[in-house]
Amino acid sequence: MKEKPIQETTSTYFNNILMKAIAPKSIEEIDPQMIKDFNNAIDDAFTDDSETVRIRLKYLIPYIIQNIDWVEYGIPLEAWQLKYYYQRDRFLKMTHLSYDEFMDHELLQQSIDELGLDPAPVFEFILFLSYYYGLRADLKYSSYEQLSKLKQALEGNNGEVSMDVVVNGKHFKFSNSNFIKTLFSNIDSDKLNYGAFSNNFEEGSSREKIRALDYYLIKTLLDFLPIKSERKKGKYTQSERNFSLCVLNYCGRLQGDEPEIICSQFNNATFDKLMRDFKEIDIPFAMELFL
């Protein structure tokens, strides 16, 4: 299917109808009618391709349903979430993830089998999370954010404000505080709010620490995948640990080629520290664009 153009934009309304700090439910605990409605929407949208799409979205459906307040949302299920499938080629291109390499990762496939999961929908879940959490790592500030931060700084500054504008290598300096504040206060922020993100800024920290994104990825998978394992005293099983370390390895976040390296005692300790360092952090829904 040909990739459709997409523009990542902010949506205050969308972020407001996301469920906050949810306690993940198993697919058996979700209203069966919601799952049925979702699958019916897929059938209506994709007809001949619907079976392929349903397989790919198998583990994503419960995740999406649980993260959105559908009563508050108040519009049909097929409205936005099917965009995921339409943008799949874009996700593959931007994340550099390969389904063939995923299937060839023997240790990862072994861990998936041990957890009683199907490989294809696991790949789609990893791809989905990697793309959206990757936005948080790669994108720095949108134009809207830049202006908002500037306005805040100006409003909180009661002293003299100056501005240095460079045009064709020549500097033009303004020292009239009232003029500068008026200039920026008259810019229509709402129009900027519909603009695309920019990753061209030379300064500014990344949107999140990479380790936090590793945690988001692994914890989301462990929470929402229908894993068949019994944790003793809440501790992750070795199969879950192996799966997590293999996912990080597959995504290029953990080096090594051999099982004894990937799932070494050292990397098990790395997993424990990752889960411990960020355990108090609420994980945002992947599609939230973090403004």
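Predicted model, so just to flag it, every value in this text is computed and none were measured.
Using a 4.0 Å cut-off between charged side-chain N and carboxylate O, Glu124 and Arg88 make a salt bridge.
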Query raised in the report: What do the steps show when you test Glu114 against Phe243 for side chain to side chain contact (heavy atoms under 4.5 Å, CB included), and what is the final call?
Result: CA-CA 9 Å; Glu114 289 176 358; Phe243 169 73; over 6 Å; no
Trace of the ring-ring contact (aromatic ring centres under 6.0 Å, His included) decision for Phe91 with Tyr132:
CA-CA 9 Å; Phe91 291 4; Tyr132 280 107; 5.5 Å; yes
task = Go through the steps for Leu222 and Ile227 under the test side chain to side chain contact (heavy atoms under 4.5 Å, CB included), then give the verdict.
result = CA-CA 7 Å; Leu222 292 176; Ile227 291 172; 3.9 Å; yes
- Would you check, one step at a time, whether the test side chain to side chain contact (heavy atoms under 4.5 Å, CB included) holds for Ile42 with Ile61? CA-CA 11 Å; Ile42 290 173; Ile61 293 174; 4.1 Å; yes
With side chain to side chain contact (heavy atoms under 4.5 Å, CB included) as the criterion, how do Ser239 and Ser111 come out once you've worked through the C-alpha distance, each side chain's angles and the decisive distance to 0.1 Å?
CA-CA 6 Å; Ser239 294; Ser111 67; 6.0 Å; no
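Other residues, nucleotides and ligands contribute over 12 non-hydrogen atoms within 6.0 Å of the CD atom of Glu29.
Remark: Phe224 pairs with Tyr63 by the ring-ring contact (aromatic ring centres under 6.0 Å, His included) rule, at least two apart or across chains. Residues satisfying the side chain to side chain donor-acceptor pair (under 3.5 Å) test with Lys235, not counting sequence neighbours, are none. For Asp272, the salt bridge (Lys or Arg N to Asp or Glu O under 4.0 Å) partners are Arg241, not counting sequence neighbours. Contacts of Glu240 classified as salt bridge (Lys or Arg N to Asp or Glu O under 4.0 Å), with partners at least two apart in sequence or in another chain: Arg231. In terms of the salt bridge (Lys or Arg N to Asp or Glu O under 4.0 Å) criterion, residue partners of Asp277 (sequence neighbours excluded) are, by chain and number, Arg211, Lys273.
Looking at every heavy atom in both residues, Leu117 comes nearest to Pro226 through CD2-O, 3.5 Å. Across every non-hydrogen atom of Pro62 and Ile30, the tightest pair is CB-CD1, 3.6 Å.
Side chains of Gln110 and Glu106: a donor-acceptor N/O pair is absent below 3.5 angstrom, by distance only. A donor-acceptor contact under 3.5 angstrom links the side chains of Gln33 and Asp37, judged on distance only.
Note: Ser130 OG to Met94 CE = 12.5 Å, rounded to the nearest 0.5 Å. Between atom CZ of residue Arg54 and atom CG of residue Asp43 there is a gap of 4.5 Å, rounded to the nearest 0.5 Å. The CE atom of Met34 lies 11.0 Å from the CD1 atom of Ile64; values are rounded to the nearest 0.5 Å. Considering CG of Leu248 and CD1 of Ile218, their distance stands at 4.0 Å, rounded to 0.5 Å. The CZ atom of Arg253 sits 11.5 Å away from atom CG of Asn249, with the distance rounded to the nearest 0.5 Å. Note that the CD1 atom of Ile55 and the CG atom of Asp118 stand 8.5 Å from one another [nearest 0.5 Å].
The side-chain contact (heavy atoms from CB on, under 4.5 Å) test with Phe125 singles out one residue from Leu129, Leu127, Val122, and that residue is Leu129. Shown are Phe128, Tyr216, Phe285; of these, the ring pair (Phe, Tyr, Trp, His ring centres under 6.0 Å) with Tyr133 is made only by Tyr216.
Within the structure, the ring-ring contact (aromatic ring centres under 6.0 Å, His included) test picks out the following pairs touching residues 253-278 (sequence neighbours left out): Tyr215-Phe278, Tyr236-Phe271.
Looking at heavy atoms from C-beta onward, Asn268 lies in side-chain contact with Leu245 at the 4.5 angstrom threshold. For the pair Val53 and Arg56, the minimum side-chain heavy-atom distance is 4.5 Å or more. Inter-residue side-chain proximity for Gln66 and Lys25 is flagged as met; some heavy-atom pair is nearer than 4.5 Å. In this structure, Pro121 and Leu60 have side chains that are not in contact, with every pair of non-hydrogen atoms separated by 4.5 Å or more. Residues Cys251 and Ile126 have side chains in contact (heavy-atom distance under 4.5 Å, counting atoms from C-beta outward). In this structure, the side chains of Leu108 and Val247 come closer than 4.5 Å at one or more pairs of heavy atoms.
In terms of modelled atom types and a separation under 3.5 Å, the side chain of Asp214 and the main chain of Leu274 share no donor-acceptor contact. Without hydrogens or angle criteria, Asp113 side chain to Gln109 main chain gives no donor-acceptor distance under 3.5 Å. Side-chain atoms of Ser177 come within 3.5 Å of backbone atoms of Val161 as a donor-acceptor pair (strictly under, hydrogens ignored).
Ile261 and Leu107 fall into different hydrophobic clusters, where Ile, Leu, Val, Met, Phe, Trp and Tyr side chains are chained together by heavy-atom contacts under 4.5 Å.
Proximity of the aromatic rings of Phe123 and Phe102 is defined here by a centroid distance below 6.0 angstrom, and this criterion is met.
Under the 30°/60° scheme for interplanar angles, the aromatic rings of Tyr250 and His105 are found to stand perpendicular.
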